[in-house]
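See structure below.
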Protein chains: 2
Amino acid sequence: MAKSIKEIARELNVSKSTVSLVINHKAEQARISKELERRVLDYVEKIGYKPNALAKSLATGRSNTIGLIVENIGDSFFGPFALHVEELLRKKNYHVLYSSTLGDPQNAQDIIDFMLEKRVEGIILAPTINLEEHQRKILEHKVPLVVFDRNSPDIATHYVHIDNGDSSRKACSYLQSIGCKNFGLITIDSDQPQMLARKDAYLKFCAETGMQSRILQLPYHRLKQKGISALQSWVAKNVGLDGLFFTTNYLCILGLKSLRTEGREGFDFPLFSFDDHELFDILNPKISCIQQPLEPLAKTCVRVLLKEIDRGISSPKEYVISTNLIKR
Amino acid sequence: MAKSIKEIARELNVSKSTVSLVINHKAEQARISKELERRVLDYVEKIGYKPNALAKSLATGRSNTIGLIVENIGDSFFGPFALHVEELLRKKNYHVLYSSTLGDPQNAQDIIDFMLEKRVEGIILAPTINLEEHQRKILEHKVPLVVFDRNSPDIATHYVHIDNGDSSRKACSYLQSIGCKNFGLITIDSDQPQMLARKDAYLKFCAETGMQSRILQLPYHRLKQKGISALQSWVAKNVGLDGLFFTTNYLCILGLKSLRTEGREGFDFPLFSFDDHELFDILNPKISCIQQPLEPLAKTCVRVLLKEIDRGISSPKEYVISTNLIKR
DNA sequence: TATTTCTACTAAAACGTATTAGTAAAGATA
DNA sequence: TATCTTTACTAATACGTTTTAGTAGAAATA
């Protein structure tokens with residue numbers, strides 16, 4: 001199908017080596033004459049030769065590919081994150097093999113195996129629960145690994161993340177500063193460390209300020225209709241609420257939906273979201289939030305990973321990216 | 001680093017062939033004894049052997065990878081689309097190498113070259129302008145290609161898309177049915193065929209119903225602040241408007257922003273968007289839209305591509321997916 | 001007992017590349 | 001003119017697989 005160096009060599013009556021050397025711009029150092037070089041170059045150009053990257057990688061040991069494993073490439077956090085990663089890597093001549101785990105450890109398992117088999121040069125991973133073993137496998141195979149967003153506390157890897165506790169604290173103080181004296185927390189029923197940190201900071205804030213803590217934990221699955229009604233009855237039960245702090249943007253959207261379906265047009269108290277959303281600044285009322293700066297996050301992941309690839313695996317470090325408080 | 005079949009063979013005192021055959025579950029057909037098979041299997045398991053997919057692909061000619069080229073993996077159309085593609089392909093044991101062109105033909109060029117070099121078995125492409133030549137290149141290399149969302153009329157490929165004209169027509173009729181007698185069209189200043197089709201259907205509708213056409217074409221670049229003010233002054237100029245039809249959801253969002261920043265809380269006429277958005281049903285007023293059914297779209301792309309890969313390239317066909325009109 | 005058939009493997013070639021050591025011919029040196 | 005350099009290449013090996021043809025020895029057949 002596609003022509004190989006071998007065929008080109010035969011057709012030009014030269015050796016494979018010559019063709020390979022010319023193609024890789026090593027003609028000079030290999031003392032190939034200018035004429036021959038031209039002849040090869042012209043022919044290669046003419047037939048539109050595309051080197052076989054698989055063979056190349058096999059020979060050089062470099063795949064020029066990195067793996068990106070997220071929960072869901074389609075969501076408003078990971079999608080734009082992936083775009084940044086891709087952009088940054090493109091500049092370094094790397095390409096991205098991505099996959100979404102959808103939170104399913106079996107998927108994650110398959111994905112990681114596949115990537116290791118594809119000999120990606122490094123992996124950026126937003127782990128879901130129960131992925132410790134796989135992370136260990138990646139490390140065993142000496143493939144550089146950068147974990148972001150979430151991590152497993154008991155396995156040492158490079159870890160890029162925001163300070164969830166701190167950010168959550170900032171959010172609470174902000175709500176207090178705009179007059180909320182009784183705001184509740186809506187979070188997810190999961191033991192993801194970042195969610196725990198957000199909740200703990202809220203609890204700590206309550207303890208310090210004497211505010212009564214009111215927390216609703218929704219189950220991770222079935223966030224649709226069930227979640228809406230759960231939220232509605234919870235809000236109804238908790239009289240005196242004067243604000244809501246959602247620990248993720250999709251929870252906040254769920255909150256919006258549940259209030260809307262309740263027939264309320266506006267809101268009588270502020271909503272605050274952990275993570276921004278494209279439309280939060282045009283909703284009514286505007287929704288303030290903690291914004292995870294995607295680009296710095298992506299930049300750090302890429303930088304750290306490339307360094308590992310270049311200089312070999314080093315001892316794990318933690319990289320904390322600070323968040324922005326967006327007041328609206 | 002990672003152990004190879006060769007090393008395993010040496011360590012077990014058998015031949016490479018034996019190891020390979022056992023690993024690929026061909027022990028029986030190659031009459032390898034059960035004992036030996038077990039011995040190999042156990043050892044392979046013990047050391048956590050991962051075959052080198054690069055070598056494998058080189059030998060078999062199959063990369064088990066398909067390329068997905070979109071404009072922006074981070075946006076609310078392509079991201080979820082990519083997720084569906086990934087999911088569907090996972091089931092068939094294919095994986096996805098994706099890239100975003102960001103509308104830049106140079107990027108697209110690089111991406112396509114890279115994918116051809118990686119010997120992807122097929123490509124799903126949402127082309128941007130000036131990509132005809134590259135599509136031709138893909139086809140020359142005998143790589144199955146499915147184009148979706150947009151196409152270049154003068155190059156024959158399998159093409160999966162919605163019926164833009166028809167959908168746009170439906171939108172117009174709907175607006176008319178709810179009482180709009182004077183709605184305008186906000187579109188993008190581009191000659192992408194799908195945008196033209198949407199606009200043309202509007203014009204045709206005007207011609208047929210006698211409604212005066214009012215069209216604003218915003219330049220594709222600088223859609224942010226400039227677009228907002230352009231839109232504002234255009235709306236101010238066009239007295240008597242009683243509805244707006246946006247030909248994409250990001251234009252609609254731009255519209256929302258511009259009206260909001262104008263200080264208007266609500267709207268005195270309906271807005272309609274081509275393409276849905278997560279929050280359109282909770283905004284005030286609710287925004288009706290044409291919804292492109294992502295899953296059928298993705299399913300068709302994948303199905304057609306896999307068929308091409310399986311049975312060889314066939315003569316190009318067009319696949320039209322019908323849209324939904326979401327009334328809110 | 002000489003031949004055929006099975007059994008249980010292995011040797012060798014191929015995929016398409018990169019790389020290093022080698023070489024024939026021409027030119028320079030002594 | 002015999003030796004050393006340089007020039008302009010090429011041969012050979014390696015990367016890690018798959019696959020097909022081959023083979024030594026044991027068992028079965030005649």
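What you see below is based on every heavy atom in this structure, not just the backbone, and it leaves out hydrogens, waters and symmetry mates. Below, chain A is the first sequence line, B the second, and so on; all start at residue 1.
Within the nucleic acid shown, S33(B) comes within 4.0 Å of sugar-phosphate atoms alone, with no base atom in reach, counting heavy atoms only. Within 4.0 Å (heavy atoms only), S17(A) reaches at least one base atom of the nucleic acid.
For the residue pair S4(A) and K16(A), no side-chain donor N or O sits within less than 3.5 Å of a side-chain acceptor on the partner. Neither side chain, Q194(A) nor H161(A), offers a donor N or O lying under 3.5 Å from an acceptor on the other.
The side chain of R119(A) lies closest to dT17(D), out of dT17(D), dA11(C), dA11(D). Nearest nucleotide to the side chain of L21(A), out of dT18(D), dT19(C), dT10(C): dT19(C).
The existence of a salt bridge linking K34(A) and E37(A) is confirmed by a sub-4.0 Å separation between a basic side-chain nitrogen and an acidic carboxylate oxygen. A salt bridge links R90(A) with E86(A): at least one charged nitrogen is closer than 4.0 Å to a carboxylate oxygen. Between K3(B) and E11(B) a salt bridge is recorded (basic side-chain N to carboxylate O distance below 4.0 Å).
Within 6.0 Å of the NZ atom in K50(B), the count of heavy atoms belonging to other residues, nucleotides or ligands exceeds 12. Remark: E132(A) CD is packed, more than 12 non-hydrogen atoms of other residues, nucleotides or ligands lying under 6.0 Å away.
Between E37(B) atom CD and dA8(C) atom P the separation is 12 Å, expressed in whole Å. E35(B) places its CD atom 14 Å from the P atom of dT7(C), with the value rounded to the nearest Å. N24(A) places its CG atom 17 Å from the P atom of dG16(C), with the value rounded to the nearest Å. As rounded to whole Å, 17 Å separates atom P of dA8(C) from atom CZ of R38(B). Between the P atom of dA14(C) and the CD1 atom of I5(A) lies a distance of 18 Å, rounded to the nearest Å. Rounded to an integer number of Å, the gap from CG of L12(B) to P of dC9(C) is 12 Å. Taking atom NZ on K3(A) and atom C1' on dG16(C), their separation rounds to 15 Å, with Å as the unit. Across the protein-nucleic acid pair, Q29(A) atom CD and dT7(D) atom P stand 15 Å apart, rounded to whole Å.
Nearest-nucleotide mapping onto DNA chain D: of K16(A) and A30(A), the residue sitting toward the 5' end is A30(A).
In this structure, the side chains of E71(A) and D75(A) stay at 4.5 Å or more apart for every pair of heavy atoms.
For S152(A) (side chain) and I155(A) (main-chain N/O), no donor-acceptor pair under 3.5 Å exists by modelled atom type.
Between S20(A) and the phosphate of dA18(C), there is a side-chain N or O to OP1/OP2 separation shorter than 4.0 Å. OP1 or OP2 of dA14(C) has not a single side-chain nitrogen or oxygen of K6(A) nearer than 4.0 Å. For dT19(C), one of the phosphate oxygens OP1 or OP2 lies less than 4.0 angstrom from a side-chain nitrogen or oxygen of K26(A).
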Every protein N/O within reach of nucleotides 22-27 of chain C N/O, cut-off under 3.5 Å:
none

Where do N or O atoms of nucleotides 4-6 of chain C meet protein N or O atoms at under 3.5 Å, pair by pair?
none

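If you look at F148(A) and F81(A), their ring centroids are closer than 6.0 Å.
For the segment residues 43-65 of chain A, the set of residues with a heavy atom within less than 4.0 Å of an atom of DNA chain D comprises L58(A), A59(A), in numerical order.
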